[in-house]
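For reference, the structure is listed below as structure tokens.
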Amino acid sequence: MTDLHTADHARALDAADPLARFRDAFHMPRHEDGEATYFCGNSLGLQPKATREVLNAELDYWSELAVEGHFKGRLPWMDYHEAVRDGLAGVLGAEAGEVVAMNTLSVNIHLMMVSFYRPTPERHAIVIEAGAFPSDQHAVESQLRFHGYDPKTALIEVQPDLPGGNVSMASLERVLAEHGERVALVLWPGIQYRTGQAFDLAEVARLARTQGCAVGFDLAHAAGNLPLALHDSGADFAVWCNYKYLNGGPGAVGGAFVHARHATATLPRFAGWWGHEKATRFQMRPDFVPTPGAEGWQLSNPPILALAPLRASLALFAEAGMAALRTKSLALTGYLEQLIDARIADVLEIVTPRDTAQRGAQLSLRVRAGRDAGRALFDHLIARGIIGDWREPDVIRISPAPLYNRFADVQHLVSTVEAWRDTR
Ligand SMILES: *Cc1c(COP(=O)(O)O)cnc(C)c1O
């Protein structure tokens, strides 16, 4: 083993890491007498220690102020969503008026499709990536059926054309060149959940818009993971969840982005009172006048207790900054790649692209020996408190999160896999 691969080297990298102190801002899950090694921020981010305090403050306002909490307190509930709005806009590279925290991701896909999937007999197809996350698949198929179209012909799935199940831009371009005229909407992931492949959002949007298609992004795995320039990408809309890299807590309120060019457009939408123009909302009139921007898509008054944790997390993102987080993320995931290649390449195949511009924190690792060995390895890791996640039939996803993972965690994972191999 060269120096690079030793636990000492990993510790030295941690000692030199300018973001190392952020780890202490999180609760580490427990394993036996110590801490687990957590690589599952792609699925559920860890709890910031400040969450409890932020949440308790709202419980206190509720007990002490009751309905007056809407107008009093440090942050009146009436304007509460604005407190997370600016933090989210920063993380996503959007204007404040373009983002809103509301509902959950799958609900937001539907709400956005009501406005941006406007099928006509000539142009009603939807383009997505093959093997999309089931909820996205269900959403687009049910929308197609709702409008009277058959997903068999109206859903165009772009097949992987690269090793590891990855998709080239050329492949998307070909599909759009062939079918573009009948495509109403391109719904594309920022990062594909299974492969970990990241896409050039501006390029996807350009290809779609060149063909006259609306374009939306699912940023479930990209938000809080990659620095994004969502406004500049030119997308019509985007949706994401806040419980993955954004550490907003299980089932956290999701997010939606509507590009500024639609801010005052009278797009068809499913409306609710919280989307009504703020100044006149409480006149309680029957006519609907949407608030400009993404907030005009809100239906209900926001769940304060579900939004509060997001404030604790977004404060950490604002403090660390997406650029610094990305710098560390590249080093951390690069270190994982390096160690896998050098020490356990016979056990695990990296299916996520090698090009760092095409990935975030996550590496998807195919277990070469197949499903049964893969499950055995995964269970072995879990039993030792090393938490990644399993995707059938043979993939382990490992996502070192730059806010709380250490180089030593990566080193520990690789050493554990190596030891497992050597005893088989
Ligand atoms: C995590 C994830 C979801 C989850 O949707 P919810 O509505 O938050 O349960 C949907 N789509 C993708 C691509 C995801 O990664």
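Keep in mind that this is a model prediction, so the values were computed, not measured. Counting starts at 1 for both ligands and their atoms, in listed order.
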Side chain, backbone, both or neither: Val107 near ligand 1, heavy atoms under 4.0 Å: neither
Atoms in ligand 1 flagged as close to His221, the criterion being non-hydrogen separation under 4.0 Å: 15 (O)
Enumerated ligand 1 atoms positioned under 4.0 Å from heavy atoms of Ser106: 5 (O), 6 (P), 7 (O)
Heteroatom proximity flag, Ser135 to ligand 1, N/O under 3.5 Å: no
salt_bridge(Asp79, Arg85) N-O dist < 4.0 Å: no
Atom 12 (C) of ligand 1: nearest protein contact (heavy atom, Å): Phe133 CG, 3.3 Å
Ion pair Arg375/Asp394, N-O distance below 4.0 Å: no
Between His221 and Asn42: side-chain donor-acceptor atoms closer than 3.5 Å: no
Presence of salt bridge, Asp24 and Lys49, under 4.0 angstrom: yes
Beyond-backbone contact of Arg421 with Leu377, side-chain heavy atoms, under 4.5 angstrom: no
Numbering as shown, the atoms of ligand 1 that approach Asp218 to under 4.0 Å (heavy-atom distance): 11 (N), 12 (C), 13 (C)
Ligand 1 N/O within reach of Lys244 N/O, cut-off under 3.5 Å: yes
Nearest non-hydrogen protein atom, atom 11 (N) of ligand 1: Asp136 OD1, 2.7 Å
Steps toward side chain to side chain donor-acceptor pair (under 3.5 Å) verdict (Gln362, Ser364): CA-CA 6 Å; Gln362 170 185 331; Ser364 299; 2.9 Å; yes
Ligand 1 contact on Leu105 by region, counting heavy-atom pairs under 4.0 Å: both
Heteroatom proximity flag, Tyr243 to ligand 1, N/O under 3.5 Å: yes
SB check Asp409 Arg23 (cutoff 4.0 Å): yes
